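Note sheet for the following structure.
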Amino acid sequence: MKIIISGGGTGGHIFPAISIANAIKIVEPSAEILFVGALGRMEMEKVPAAGYKIVGLEIQGIQRSLTLKNLLFPLKLIKSLFKARNIVHQFKPDVAVGVGGYASGPMLYAASWAGVPLLIQEQNSYAGITNKLLGKKAKKICVAFDGMDAFFPKEKILFTGNPVRNDFGDLAQKRAEAMMHFRLDPNKRTLLVLGGSLGARTLNQSILNELQTLNRADVQVIWQCGKLYYSTLVAQVKEVQNVHLLQFIDRIDLAYAAADLIISRAGAGTISELCVVGKPVILVPSPNVAEDHQTKNAMALVSKHAALLIRDAIAPTELVSVALSLMDNQEKCAVLSENIKSLAKPDAALVIAKEVLKMCK
């Protein structure tokens with residue numbers, strides 16, 4: 001069986017894709033999997049590190065602001081479509097799986113033109129333009145939120161949840177290891193701040209503004225600031241106690257194990273992980289995403305009393321005070337933990353893998 005998995009751009013697309021690939025190999029070890037990503041994006045590094053072959057397309061997104069880069073978009077799209085067609089011709093896949101991201105569109109279109117059945121894994125509560133168009137050609141669409149028949153034919157939808165990495169089991173048993181790994185004090189409360197793999201300016205500014213407040217509250221912070229901001233921030237927090245600044249967290253399982261409270265953006269993949277982790281969460285949706293889909297993702301949890309939401313515009317002045325107030329309210333933390341845990345779909349990758357293999361046969 002030969003399977004193409006296409007997409008990427010951020011960890012929110014890449015790690016679910018790798019989880020699906022791992023699950024396919026568990027069920028069908030002989031399956032041959034080829035990833036197709038975008039050149040220059042993080043999947044070109046993360047996918048080989050996970051043990052899979054990847055081919056890159058020279059594709060980019062359309063910038064929202066007026067920029068010369070947009071003039072190159074049609075040329076890069078045409079080149080990517082031709083390269084994707086060659087990949088299909090050479091690899092001869094039985095199924096093509098799209099997980100979202102720049103490369104997913106041209107790759108799945110090329111596969112569809114060649115008669116290869118498509119499976120789309122739509123992570124968000126609001127489908128993007130590419131997936132809405134591809135949905136008409138797809139045989140199956142795996143979703144993680146209710147109400148997705150507003151975007152896709154109802155008969156094609158399979159509610160699976162979003163795939164998550166498989167190392168979040170029994171986090172309580174990893175707490176001692178986590179404290180040693182991050183050099184934390186086991187007697188202090190721990191705040192985990194996740195701005196995504198690329199970082200989040202608002203979250204970084206919110207924490208930077210209130211470092212002394214966090215110190216006075218005797219709260220230690222694991223802070224993933226992202227590669228775009230690390231070099232600027234590392235000098236500013238160098239002398240601050242209780243702050244552990246990281247560009248990217250490789251052992252995210254240990255970070256989750258250490259955390260008493262988590263502050264995060266509201267990407268769909270991250271939300272699915274947070275549901276499995278089952279700890280109290282404050283979500284700060286990014287306003288810089290298509291159709292404001294992170295707010296819609298966050299509201300799916302907030303409406304079930306499974307998370308708190310702080311708007312991006314007020315986060316720099318209110319986020320830390322809300323976080324400290326929540327950490328002092330153990331009863332509310334327990335309710336949030338219980339409710340978010342009830343939304344978890346830990347077997348999503350396996351369910352999707354079995355669907356992919358069924359389509360191969």
Side-chain angles (χ1 to χ4, degrees), residues 11 167-168 171-266 270 273-274 277-284 286 307-310 312 314-334 336-337 340:
D167 48 2
F168 301 146
L171 291 177
Q173 299 298 318
K174 294 184 177 182
R175 190 172 187 276
E177 181 187 355
M179 292 292 150
M180 291 179 62
H181 181 83
F182 292 108
R183 300 186 300 278
L184 298 170
D185 184 341
N187 298 312
K188 290 183 178 180
R189 296 175 298 175
T190 303
L191 176 66
L192 172 61
V193 182
L194 300 173
S197 52
L198 302 179
R201 179 181 297 172
T202 297
L203 294 192
N204 290 340
Q205 195 60 53
S206 300
I207 300 303
L208 189 63
N209 289 350
E210 300 291 348
L211 285 177
Q212 297 309 318
T213 303
L214 288 164
N215 252 336
R216 287 193 295 271
D218 211 20
V219 170
Q220 53 198 356
V221 184
I222 304 173
W223 180 2
Q224 179 182 281
C225 65
K227 67 177 184 179
L228 300 178
Y229 303 96
Y230 182 77
S231 58
T232 303
L233 288 170
V234 69
Q236 295 177 274
V237 305
K238 189 175 181 181
E239 303 299 326
V240 182
Q241 294 181 333
N242 294 345
V243 173
H244 303 266
L245 184 75
L246 298 160
Q247 179 174 313
F248 184 80
I249 300 175
D250 290 312
R251 288 298 306 272
I252 191 64
D253 59 322
L254 295 184
Y256 285 142
D260 295 297
L261 174 65
I262 301 166
I263 292 173
S264 176
R265 284 304 202 192
T270 300
E273 285 189 356
L274 295 173
V277 168
K279 294 199 172 180
V281 175
I282 299 175
L283 297 171
V284 186
S286 171
L308 299 186
L309 185 153
I310 297 289
D312 187 88
I314 64 172
T317 56
E318 296 191 21
L319 179 57
V320 168
S321 63
V322 171
L324 292 176
S325 176
L326 181 57
M327 291 180 99
D328 289 334
N329 190 338
Q330 291 303 305
E331 185 178 343
K332 189 167 186 178
C333 283
L336 290 172
S337 295
I340 198 170

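Please read all numbers here as calculations on a predicted model, not as lab measurements.
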Practice item. Would you mind reporting whether Ile340 and Val281 have side-chain heavy atoms less than 4.5 Å apart? Key: yes

Check your understanding: So do Glu273 and Asp253 actually touch side chain to side chain, heavy atoms under 4.5 Å?
Key -> no

**Study point:** Minimum heavy-atom distance between Ile252 and Phe168, given as atom pair plus value
**Key:** CG2-CE2, 3.8 Å

Exercise for review: For residues Arg175 and Pro186, determine if any side-chain heavy atom of one lies less than 4.5 Å from a side-chain heavy atom of the other.
Suggested key: yes

Review point. Is there a side-chain contact between Pro316 and Thr202 (heavy atoms, below 4.5 Å)?
Key: yes

Check your understanding: Just by distance, do the side chain of Ser337 and the backbone of Cys333 share a donor-acceptor pair under 3.5 Å?
Key -> yes

Point to revise | Non-hydrogen side-chain atoms of Leu246 and Phe182 separated by less than 4.5 Å | key: yes

Review point. Of the non-hydrogen atoms in Ala315 and Val284, which two are nearest, and what is the gap between them?
Key: CB-CG1, 4.1 Å

Check your understanding: Does some side-chain heavy atom of Val221 sit less than 4.5 Å from a side-chain heavy atom of Leu245?
Key -> no

Point to revise | Greater than 12 external heavy atoms within 6.0 Å of Arg201's CZ | key: no

Check your understanding: CD1/Ile314 to CG/Leu319 distance, rounded to the nearest 0.5 angstrom?
Key -> 9.0 Å

**Study point:** Gln220 (side chain) donor-acceptor with Leu191 (main chain) under 3.5 angstrom
**Key:** no

Revision key, fill the gap. Note: Leu261 and Pro280 closest approach over all heavy atoms is CD1-O, 3.3 Å

Check your understanding: Are side-chain N/O atoms of Gln247 and Tyr229 paired as donor and acceptor at under 3.5 Å?
Key -> no

Review point. Listed by chain and number, what are the salt bridge (charged side-chain N to carboxylate O under 4.0 Å, His left out) partners of Lys279, not counting sequence neighbours?
Key: none

**Study point:** Derivation of the side chain to side chain contact (heavy atoms under 4.5 Å, CB included) call for Leu211 and Val243
**Key:** CA-CA 8 Å; Leu211 285 177; Val243 173; 3.7 Å; yes

Check your understanding: Is there a side-chain contact between Val237 and Trp223, using heavy atoms and a 4.5 Å cut-off?
Key -> yes

Check your understanding: For the atom pair CD1 (Ile263) and OG (Ser206), what is the distance rounded to the nearest 0.5 Å?
Key -> 8.0 Å

**Study point:** Identified side-chain contact (heavy atoms from CB on, under 4.5 Å) counterpart of Ser264 within the set Leu192, Leu203, Thr270, Val193
**Key:** Thr270

Check your understanding: Stepwise, does the side chain to side chain contact (heavy atoms under 4.5 Å, CB included) test hold for Leu274 with Tyr256?
Key -> CA-CA 9 Å; Leu274 295 173; Tyr256 285 142; 3.8 Å; yes

**Study point:** Interatomic distance, Glu318 atom CD to Ile282 atom CD1 [nearest 0.5 angstrom]
**Key:** 11.5 Å

Review point. Side chains of Met179 and Asn187: closer than 4.5 Å at any heavy-atom pair?
Key: no

Exercise for review: Run the numbers on Leu171 and Val277 for side chain to side chain contact (heavy atoms under 4.5 Å, CB included), then give the verdict.
Suggested key: CA-CA 8 Å; Leu171 291 177; Val277 168; 3.8 Å; yes

Check your understanding: Going through the checks in order, is the side chain to side chain contact (heavy atoms under 4.5 Å, CB included) test met by Glu331 and Asn329?
Key -> CA-CA 6 Å; Glu331 185 178 343; Asn329 190 338; 3.8 Å; yes

Revision key, fill the gap. Interatomic distance, CG@Asn242 vs CG@Leu184, rounded to 0.5 Å, equals 9.0 Å

Check your understanding: Are any of the side-chain nitrogens in Lys188 or Asp260 under 4.0 Å away from the carboxylate oxygens of its partner?
Key -> no

Check your understanding: Could you give the distance from CG (Leu233) to CG (Asn204), rounded to the nearest 0.5 Å?
Key -> 5.0 Å

Exercise for review: Ignoring hydrogens and angles, tell me if any N or O in the side chain of Gln224 forms a donor-acceptor pair with the backbone of Ile249 under 3.5 Å.
Suggested key: yes

Check your understanding: Rounded to the nearest 0.5 Å, how far apart are CD1 of Ile262 and CG of Leu194?
Key -> 6.5 Å

